[in-house]
**Student:** 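The following block contains the structure, expressed as structure tokens.
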Amino acid sequence: MKASIFAVLTSLFLFHIQYALSWPGMTTTLKDVMSMGKRQTNNDGDEPKELIGDLLTLSDSQLTPVAADIKSILLGTGSAESSTIDTTITPPLGSKACAADTCCAYKWLSLAMIKKFAGSSGRCTRFARAAVRLGFHDAGAWSKTSAFGGADGSILLTNELDRVDNKGLQDIAAVTKAWYKQYQPYGISMADMIQFGATVATVVCPLGPRIKSYVGRIDNPKANPEGLLPGVNDSADKLIDMFRQKTIDPHGLVALVGAHTTSQQHFVNISRDGDPQDSTPGVWDVKFYGETLQPNPPVRVFKFASDVALSKDPRASSEWNEFVNGQSHWNEDYAQEYVRLSLLGVKNINSLKECTKVLPPAKKSYTAPDQLYLTLWLSGKYPQLGKYIDDAQSLLELVGSILPILKNVLGGRI
Ligand code: HEM
């Protein structure tokens, strides 16, 4: 195994030398083709926005400022992104000063999460992507007719993880449970830990939105009903109906599936383990939307049947097309819909607190340091590199790490 990695690295290194000699001065920059235009307000496919939880019964005069802000986000009038950052020195975990600020323990948790979610390439790691999916799978197991469920931590407090829907979430589950053990004594529920993990992960991915993050959800030790999560072979009709039952309209669904911009599938087709859903895994860009529509995207891009079906459905396609060149439009819509998703089944919205201030800053631009190698991998070469890309390691660094070995082998002639 080691020998095969060495062989790949050696041939990559030689390719790099050859390439550099052929085009001296050529840089491996990734052209950022995203449109960072203004928010567009095309509401095609939009349906009246529904309220959820206790917001269904409380009058405006009864709402806390936080709940009033959440209400405006759910109704589509308020922004779900925020750049407010806490720059004060965070008191030590366990101190009186830390206990006095609800968000203090989250600041420490956020720092631990960033270490796990950010890779040396600047892209986000497989743990970050799985954290986003974990957030969806905990909250999404809910419908308007459910008596309980939703963003309640049950995915990690019960045996829900054994369900086929949740295959692939085992590693992030183990990491999140360890964080829970460490931070639960400071008042962090499993439900909040999971949703906070999803928003930290999203903003750690380059270009990802900085989504407003709320805490105070209540854990539920009872497994959520089955059959409430989508399947990769579901029709557009089934997907749209299923998400409507979660109060998410086709527009919202189109925004949320854009999370596949970061992903690398493992179980849909195991013979293509590690293949990404667009040509920039680990980057929160809009390439996923364009490449899902393309008949011939890069060889290694693996499109999900559900995404293709949705992209062609008349209730979803106009929004899908708008996102193709609409990074800021998508970020804004994704953030709005994620706030909704992260509150499904939550019945105490009026007592939540906001801790967005402890999220890391958003990364508004990104150039892959190792684009040359990524391009080779995307064209079908060097499948072994998938593992390193999954971990968001810089392939340049990887190739650099064999330089001393090659120098030795070649007797210092390089
Ligand atoms: C139309 C509904 C959806 C379907 C059918 C679907 C299906 C899937 C499948 C089959 C995978 C690959 C799992 C694997 O083989 O490793 C996946 C990955 C992923 N999904 Fe979805 N998904 C849907 C919606 C969503 C939504 C709404 C979100 C987030 C809000 C999301 C976030 C992700 C992420 C981040 C990954 C990558 C996980 C990783 O790399 O480990 N998905 N999804």
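Count residues from 1 along the sequence. Note that this is a predicted model, so its numbers are computed, not measured. Both ligands and their constituent atoms are indexed starting at 1 by order of listing.
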**Student:** Among side-chain atoms of Q264 and R129, is any donor-acceptor pair under 3.5 angstrom?
**Tutor:** yes
**Student:** Where is the nearest protein heavy atom to atom 14 (C) of ligand 1: which residue, which atom, and how far?
**Tutor:** H266 N, 3.3 Å
**Student:** Which residue and non-hydrogen atom of the protein lie closest to atom 29 (C) of ligand 1, and at what distance in Å?
**Tutor:** A259 CB, 3.6 Å
**Student:** Distance under 4.0 Å to a non-hydrogen atom of S306: what atoms of ligand 1 satisfy this?
**Tutor:** 5 (C)
**Student:** Side chains of Q327 and N331: donor-acceptor distance under 3.5 Å anywhere?
**Tutor:** yes
**Student:** Do any nitrogen or oxygen atoms of Y338 come within less than 3.5 Å of a nitrogen or oxygen of ligand 1?
**Tutor:** no
**Student:** Less than 3.5 Å between some nitrogen or oxygen of G168 and one of ligand 1, yes or no?
**Tutor:** no
**Student:** State whether a side-chain donor-acceptor pair under 3.5 Å links D278 with T261.
**Tutor:** yes
**Student:** Could you work out, for atom 21 (Fe) of ligand 1, the closest of Q265, H260, R133 by heavy-atom distance?
**Tutor:** H260
**Student:** One pair to check against ring-ring contact (aromatic ring centres under 6.0 Å, His included): W108 and Y186. What are the steps and the verdict?
**Tutor:** CA-CA 11 Å; W108 291 110; Y186 304 105; over 10 Å; no
**Student:** For atom 12 (C) of ligand 1, what is the nearest protein heavy atom, given as residue, atom name and distance?
**Tutor:** F304 CZ, 3.5 Å
**Student:** Can you tell which part of F136 has a heavy atom less than 4.0 Å from ligand 1: side chain, backbone, both or neither?
**Tutor:** side chain
**Student:** What residue and atom, counting heavy atoms only, is the protein's closest point to atom 15 (O) of ligand 1, and at what distance?
**Tutor:** F267 N, 2.7 Å
**Student:** Can you check whether S263 has an N/O within less than 3.5 Å of an N/O in ligand 1?
**Tutor:** no
**Student:** Heavy-atom contacts with Y334 under 4.0 Å: which atoms of ligand 1 show up? List them by number with element.
**Tutor:** 29 (C), 30 (C)
**Student:** If only side-chain N and O atoms count, and only distance matters, is there a donor-acceptor pair under 3.5 Å linking Q371 with T375?
**Tutor:** yes
**Student:** Should you measure from each heavy atom of V268, which atoms of ligand 1 turn up under 4.0 Å away?
**Tutor:** 10 (C), 15 (O)
**Student:** Quick check on the 6.0 Å ring-centre criterion: do W377 and Y382 meet it?
**Tutor:** no
**Student:** Please could you name the atoms of ligand 1 that G231 approaches to less than 4.0 Å, counting only its heavy atoms?
**Tutor:** 5 (C)
**Student:** At what distance is the nearest protein heavy atom to atom 27 (C) of ligand 1, and which residue and atom is it?
**Tutor:** L256 CB, 3.6 Å
**Student:** In the protein, what heavy atom is nearest to atom 39 (C) of ligand 1, and what distance, to one decimal place, separates them?
**Tutor:** R129 CB, 3.9 Å
**Student:** Relative to each other, are the rings of F323 and Y289 parallel, tilted or perpendicular (30° and 60° limits)?
**Tutor:** tilted
**Student:** Between K71 and D60, does any NZ, NE, NH1 or NH2 come within less than 4.0 Å of an OD or OE carboxylate oxygen?
**Tutor:** yes
**Student:** Please determine, by modelled atom types, if S235 and D237 share a side-chain donor-acceptor pair under 3.5 angstrom.
**Tutor:** no
**Student:** Return yes if a side-chain donor-acceptor contact under 3.5 Å exists between D307 and T292, otherwise no.
**Tutor:** no
**Student:** Hey, could you give me the CE/CZ distance between M190 and R217, rounded to the nearest 0.5 Å?
**Tutor:** 13.5 Å
**Student:** Of all the atoms in ligand 1, which lie at a distance below 4.0 Å from a heavy atom belonging to Q264?
**Tutor:** 40 (O)
**Student:** Of all the non-hydrogen atoms in the protein, which one sits nearest to atom 3 (C) of ligand 1, and at what distance?
**Tutor:** P230 CG, 3.5 Å
